[in-house]
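Okay, structure first, notes after.
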Number of protein chains: 4
Amino acid sequence: MAGSIYGTLLTMTTWGESHGKGVGVVLDGCPAGLSLCEKDIQPYLDRRRPGQSAYTTKRQEKDQVELLSGVFEGRTTGAPISMLVRNEDQHTADYLALKDVYRPGHADYTFDAKYGFRDYRGGGRSSARETIARVAAGAVAAKLLQTLHISVQAYAAAIGPVQMDRNRFDPDEIFRNPFCLPDAKAAGLAESFVSGCIEQKDSAGGIVECVADGLPAGLGEPVFHKLDACLGKALFSIGAVKGVEIGDGFLAAAATGRTHNDAFVSDGKTIRKKTNHSGGVLGGISDHSRLIVRAAFKPTPSIASEQETVNRDRENVRLSIHGRHDPLVVPRAVVVVEAMTAFTLADLLLQNMSSRMEYIQQIYASMQ
Amino acid sequence: MAGSIYGTLLTMTTWGESHGKGVGVVLDGCPAGLSLCEKDIQPYLDRRRPGQSAYTTKRQEKDQVELLSGVFEGRTTGAPISMLVRNEDQHTADYLALKDVYRPGHADYTFDAKYGFRDYRGGGRSSARETIARVAAGAVAAKLLQTLHISVQAYAAAIGPVQMDRNRFDPDEIFRNPFCLPDAKAAGLAESFVSGCIEQKDSAGGIVECVADGLPAGLGEPVFHKLDACLGKALFSIGAVKGVEIGDGFLAAAATGRTHNDAFVSDGKTIRKKTNHSGGVLGGISDHSRLIVRAAFKPTPSIASEQETVNRDRENVRLSIHGRHDPLVVPRAVVVVEAMTAFTLADLLLQNMSSRMEYIQQIYASMQ
Amino acid sequence: MAGSIYGTLLTMTTWGESHGKGVGVVLDGCPAGLSLCEKDIQPYLDRRRPGQSAYTTKRQEKDQVELLSGVFEGRTTGAPISMLVRNEDQHTADYLALKDVYRPGHADYTFDAKYGFRDYRGGGRSSARETIARVAAGAVAAKLLQTLHISVQAYAAAIGPVQMDRNRFDPDEIFRNPFCLPDAKAAGLAESFVSGCIEQKDSAGGIVECVADGLPAGLGEPVFHKLDACLGKALFSIGAVKGVEIGDGFLAAAATGRTHNDAFVSDGKTIRKKTNHSGGVLGGISDHSRLIVRAAFKPTPSIASEQETVNRDRENVRLSIHGRHDPLVVPRAVVVVEAMTAFTLADLLLQNMSSRMEYIQQIYASMQ
Amino acid sequence: MAGSIYGTLLTMTTWGESHGKGVGVVLDGCPAGLSLCEKDIQPYLDRRRPGQSAYTTKRQEKDQVELLSGVFEGRTTGAPISMLVRNEDQHTADYLALKDVYRPGHADYTFDAKYGFRDYRGGGRSSARETIARVAAGAVAAKLLQTLHISVQAYAAAIGPVQMDRNRFDPDEIFRNPFCLPDAKAAGLAESFVSGCIEQKDSAGGIVECVADGLPAGLGEPVFHKLDACLGKALFSIGAVKGVEIGDGFLAAAATGRTHNDAFVSDGKTIRKKTNHSGGVLGGISDHSRLIVRAAFKPTPSIASEQETVNRDRENVRLSIHGRHDPLVVPRAVVVVEAMTAFTLADLLLQNMSSRMEYIQQIYASMQ
């Protein structure tokens with residue numbers, strides 16, 4: 001597998017470069033009979049679309065998805081679902097100056113080192129445009145999960161050093177401010193912080209949190225395909241992610257067993273946990289409580305300030321990056337985290353179908 | 001893939017339960033011609049063996065590895081390498097009392113939810129004994145990397161709230177104190193902290209850091225099999241890990257581009273980075289600088305203090321866990337992190353062999 | 001993996017239905033630096049294009065390939081190569097009558113049984129149009145092999161009961177007659193046979209043979225990914241194939257060891273075999289002699305004669321299939337067999353890159 | 001995947017050499033709750049055990065299986081099932097003479113070409129002893145299928161040129177004669193033929209047929225993981241197989257659509273086929289009728305007659321192979337074919353669990 005395929009039973013194969021003809025994805029393994037149309041997918045793409053605020057890139061791309069296969073009379077057929085978004089509004093000229101220069105914090109140097117040369121236009125394959133494909137596939141996975149009453153929701157938990165306050169958590173606020181922060185006051189502070197960064201030709205990072213509700217206990221395959229391990233890979237595979245946490249995450253390292261363990265309680269019928277330090281995963285398997293994951297994004301490496309770097313001829317040069325870059329990636333990355341989480345959950349949910357002989361007997365008995 | 005297979009070209013398939021006949025691993029895809037014998041593997045197992053200090057479990061297990069296949073006249077043949085460690089010193093009686101109880105922070109409840117029942121003896125498949133198999137496979141991968149002058153080294157970066165001080169970093173110290181801390185002063189503080197935990201029938205967590213030196217630029221497959229994504233999965237697949245970071249990790253979220261970007265410099269021949277906030281990975285591909293990853297481990301969930309929980313009959317019960325448990329897992333987890341990192345690097349190194357036509361032409365030209 | 005992904009290091013993910021928007025393929029894992037453009041691919045598609053003789057379907061489809069990604073300045077970049085062929089000239093109305101009927105010998109009944117419903121237009125996903133995607137991917141693989149001086153060539157070995165005579169083998173003849181037979185006399189007999197079938201509203205099958213020359217010894221991964229096992233899967237995955245042979249194939253079952261064994265001989269430098277009953281494979285690994293595989297195709301199931309069958313309501317009905325069907329699939333299947341063989345060989349060739357430590361040391365030494 | 005792992009959801013990883021410490025298999029992905037013990041597996045191994053007649057090797061090996069993991073209180077737990085068979089009665093001295101010689105028809109030359117050297121003792125990894133692992137894994141799969149009322153049965157269809165007569169088919173006869181022929185008269189003829197081969201220091205091949213009854217319609221994943229494609233790979237991966245057929249196989253190539261198509265008929269409730277030329281597969285998916293596959297085995301390459309060959313120094317030499325070899329492999333290969341077929345069916349059966357949204361909704365509804 002050369003890197004552009006993700007998943008085991010539900011798979012996405014993505015393709016495309018920033019300044020090529022387009023980007024796309026083939027989703028294979030979607031069960032037959034899921035109601036699906038382009039209108040299920042486009043809203044997800046609209047959430048990652050650029051040009052929506054002063055704090056993201058000014059590029060104008062419609063990113064209109066075309067559903068090419070796998071759906072017949074409004075339902076998935078079990079065949080691969082191919083989706084295509086044509087590229088538009090590419091300013092390739094912006095990148096000619098960068099042709100031979102290795103931008104700090106970017107993949108220019110490593111792609112050259114790996115492949116011998118690279119498509120330098122807009123980052124080529126390492127461009128954030130690649131995430132369009134993930135979002136389209138994630139939208140299908142989210143639809144599948146909704147059918148089973150499982151919801152997935154991501155939002156910004158921090159913009160640079162500005163953290164949301166959980167006491168002010170307001171889910172509607174996520175869609176109201178340009179940062180996808182669920183806390184209006186934090187959004188105000190973030191605005192000042194990011195404006196300051198822009199003024200100083202600098203950029204910001206942040207943290208995206210994602211929760212899933214309604215998950216049955218049992219998802220995740222011990223030992224190597226644990227739910228948290230799969231999510232870890234899913235989120236680290238998004239460009240600019242430098243850390244991933246589940247539940248209490250790094251705080252757990254400093255806690256003790258007495259405070260960190262989540263006590264089980266029962267009302268005689270249902271088992272639940274009194275706390276959720278685990279973030280919904282025990283032994284790599286979903287534990288029926290809310291799933292909580294977090295991903296740390298580094299600041300956008302493209303900045304207008306002058307930087308030291310080198311070129312292909314191994315000469316030291318100075319570089320200021322101009323163009324239409326996001327001063328912070330978090331607002332547009334929120335839906336990418338949500339998509340990767342939804343896709344991972346849906347894949348594990350399909351894998352779990354064959355975990356018990358009784359499930360298999362139940363289905364095959366009904367089949368004859 | 002049902003969860004016990006890891007890797008793409010270099011694969012390990014692990015098996016075994018805590019109180020079954022043993023644990024083992026089949027390593028497939030190891031190139032032919034690597035010098036290998038049991039003496040290359042045993043020292044790694046000895047590092048994770050229990051009973052080595054007051055701060056780990058008092059169980060006495062020799063964990064002697066038997067190399068069953070894949071090696072002939074001292075060299076790997078290209079055939080699968082099967083390794084077996086028989087179980088000894090199991091006190092199954094310790095677990096009879098836990099047969100129907102769901103221990104907080106453990107996988108008891110989730111295994112029952114997933115599979116309908118479970119091997120309750122010593123945690124069964126979710127026992128930390130499973131990591132013996134990973135360490136054995138990792139030892140082979142480390143040998144392969146050494147042949148290419150790549151070294152991998154893990155150590156404790158924090159024990160509970162006690163963090164190492166990078167100014168006091170001493171690599172020899174790692175093997176001197178019972179915590180694998182590379183900082184003697186921190187080791188002293190950790191001793192007090194963990195002793196306190198034990199006295200209070202409590203347990204501790206911590207952070208393991210792992211570095212790799214000598215890596216060529218180019219390892220990691222964009223988009224989904226990025227070096228950091230593969231490491232994220234590798235480390236999150238270790239039980240008790242709640243967070244993973246690369247380079248600056250979560251600190252990067254609060255930084256700005258100007259301070260986070262690593263400037264490239266050249267001496268006309270070699271390109272290097274002035275700083276290493278990225279932790280050795282750019283765009284998911286190794287950048288020729290030191291690789292730095294960290295994993296946060298939660299405190300051991302087995303504690304002697306009384307806890308609230310439920311049993312299989314969905315009754316609320318109270319539980320104090322007695323037995324021979326590690327009050328903290330970090331010292332024995334250090335070599336597991338090292339093993340998983342080495343294995344992941346070796347696998348990506350093999351995958352990278354077919355990244356360029358010129359490599360392929362070079363090998364096949366020599367073959368005729 | 002839900003069925004539409006093929007390969008290990010070199011992978012193709014195909015998508016599309018007969019009467020949907022188009023068919024396509026994403027080829028991932030192609031090494032960087034291979035010279036490639038649409039002109040390398042189109043001639044392969046032209047060979048499977050319908051409407052080229054009286055003995056294949058009269059549909060007129062240009063099947064023009066669009067290369068969407070993965071190539072920059074005329075060379076592959078290591079990124080996925082997406083290729084798209086839009087559908088044209090679909091007569092969906094032809095299929096409305098077949099909406100609820102299960103055509104004998106077709107996948108109508110089994111798709112309904114598996115998925116609960118189906119895209120009935122032109123066979124949907126089970127249409128032979130799906131092979132366009134394989135041919136496009138195979139063309140890239142063939143280009144890769146040519147760079148290493150490996151050639152792959154398929155042709156018809158039998159049309160119905162008419163078999164080619166190896167004494168009259170003429171490679172140029174393959175492209176001269178409408179059956180791709182390398183034997184002009186057999187082509188004449190085939191013409192009579194197929195004309196008779198058409199007259200009687202009947203259809204014909206045949207055998208496709210494929211040879212590869214220039215293969216180094218060493219391709220194929222024991223035990224399960226043997227060269228012959230991978231080819232077996234590759235060819236059986238083509239619709240209508242009912243048998244696959246390597247070398248002497250089924251004749252070997254009746255032979256004895258003395259006649260079947262191929263003696264090795266040496267000129268002091270090169271080892272070769274005096275005969276090639278093995279068909280170029282020993283122990284699942286290429287043996288440096290010509291690779292020879294054969295696939296048996298059943299007669300086209302769509303025939304104009306009246307047949308007994310049933311419909312979705314489980315009623316017995318009578319059916320005559322009209323439309324523009326190939327009276328035999330072999331001529332258009334020849335290039336599909338060639339494509340699947342080339343792709344399989346290229347994938348195993350990449351996998352073989354990491355079979356020996358010395359290859360790895362050679363590449364990584366040159367890398368630093 | 002380096003070649004020793006087979007399957008997608010149900011996987012077997014095999015290991016071991018002929019003259020190493022033993023052979024074994026790790027079966028991962030078996031659903032929890034299947035009743036299983038060593039007594040379910042040993043009878044399958046006993047069927048492939050040598051020394052049972054004058055027509056197979058005289059080696060005496062008990063091939064006693066040890067079940068090492070994955071079963072608790074008589075049921076599978078969902079954890080990997082590791083099985084081990086220690087080697088005994090190895091006469092390594094028999095092979096010292098063959099150390100530097102390439103036996104015709106064997107993998108000696110190709111292993112050397114691929115890996116640079118080889119474990120020459122008894123064929124090493126390419127020995128037929130490797131199939132012990134497959135048979136053990138196949139026994140578990142067969143148990144799983146039996147639970148669902150699916151049976152799999154293999155037998156010899158031909159020994160050398162002696163073919164069974166379908167009119168004399170007697171299932172009990174399979175276990176009565178040393179050739180596993182279901183036709184007593186053919187068994188008598190086979191006895192003469194094979195005795196003649198032995199006298200002339202020659203060897204024989206044959207054909208194994210395998211049928212499965214009780215299969216639901218729907219197994220097999222279009223496009224690349226068709227039921228027949230998966231079986232093709234499964235059977236070609238067995239050493240010495242040179243051809244595989246489904247249903248009418250190569251005869252289909254010479255048939256016409258009118259005679260080859262299987263008419264569907266219905267009694268108002270159940271759909272069945274009047275004939276079964278397809279062998280139980282349509283469009284790569286099981287069609288609810290009997291599955292029929294056949295594999296052609298070449299004659300044993302180890303013969304006592306003198307043969308021409310070469311050695312590692314590229315010198316021409318003459319060779320007579322002495323030792324305890326099977327004069328024909330078919331009788332012991334029958335259970336291997338059965339095992340690989342059962343395993344492949346069980347894997348596809350698990351994959352089919354997620355083919356429809358309604359199955360998924362049914363299981364997850366029952367889960368909450």
Side-chain angles (χ1 to χ4, degrees), chain B residues 1 7-11 28-36 70 75-80 143-150 214-225 269-270 285-286 288 346-368, chain C residues 1 7-11 28-36 70 75-80 143-150 214-225 269-270 285-286 288 346-368:
Chain B
M1 304 291 165
T8 297
L9 280 185
L10 189 69
T11 62
D28 197 23
C30 185
L34 178 70
S35 159
L36 191 76
R75 284 187 299 161
T76 56
T77 62
K143 188 81 195 286
L144 190 159
L145 294 175
Q146 282 157 25
T147 312
L148 302 165
H149 311 293
I150 299 165
L215 281 182
L219 304 193
E221 300 297 311
V223 171
F224 293 113
H225 302 315
K269 272 166 99 181
T270 310
I285 301 172
S286 62
H288 205 9
D347 185 19
L348 288 171
L349 195 139
L350 298 189
Q351 289 176 59
N352 189 48
M353 288 287 290
S354 56
S355 55
R356 292 198 204 181
M357 280 307 295
E358 60 189 274
Y359 298 159
I360 297 163
Q361 287 170 302
Q362 193 179 327
I363 294 301
Y364 282 97
S366 73
M367 214 178 264
Q368 302 300 331
Chain C
M1 305 292 164
T8 295
L9 282 184
L10 190 69
T11 62
D28 198 22
C30 185
L34 177 69
S35 160
L36 191 76
R75 283 185 301 159
T76 58
T77 61
K143 189 83 196 282
L144 191 159
L145 295 174
Q146 281 157 25
T147 312
L148 302 163
H149 311 293
I150 300 165
L215 281 181
L219 304 194
E221 301 297 310
V223 173
F224 293 112
H225 302 314
K269 272 166 99 179
T270 310
I285 300 172
S286 63
H288 205 10
D347 186 20
L348 287 170
L349 195 139
L350 298 190
Q351 289 177 61
N352 190 49
M353 288 287 292
S354 56
S355 55
R356 292 197 202 183
M357 278 308 294
E358 61 189 275
Y359 298 159
I360 296 163
Q361 287 170 302
Q362 193 179 327
I363 293 300
Y364 282 98
S366 73
M367 216 178 265
Q368 303 299 329

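Letters go in sequence order (proteins before strands), and every chain restarts at 1.
Of the two parts of I150(C), neither the backbone nor the side chain holds a non-hydrogen atom closer than 4.5 Å to a non-hydrogen atom of chain B.
Separating the CG atom in L144(B) from the CD1 atom in I360(C) is a distance of 6.0 Å, to the nearest 0.5 Å. For the atom pair CE of M353(B) and CD1 of I363(C), the computed distance is 5.0 Å after rounding to the nearest 0.5 Å. In this structure, CE in M367(B) is found 3.5 Å from OH in Y359(C), a value given to the nearest 0.5 Å.
Taking the side chain to side chain donor-acceptor pair (under 3.5 Å) definition, one finds that S355(B) meets it with N352(B), sequence neighbours left out. Residues forming a side chain to side chain donor-acceptor pair (under 3.5 Å) with E358(C) (at least two apart in sequence, or on another chain): R356(C).
In terms of non-hydrogen atom pairs under 4.5 Å with chain B, the most contact-rich of L349(C), T147(C), L34(C) is L349(C).
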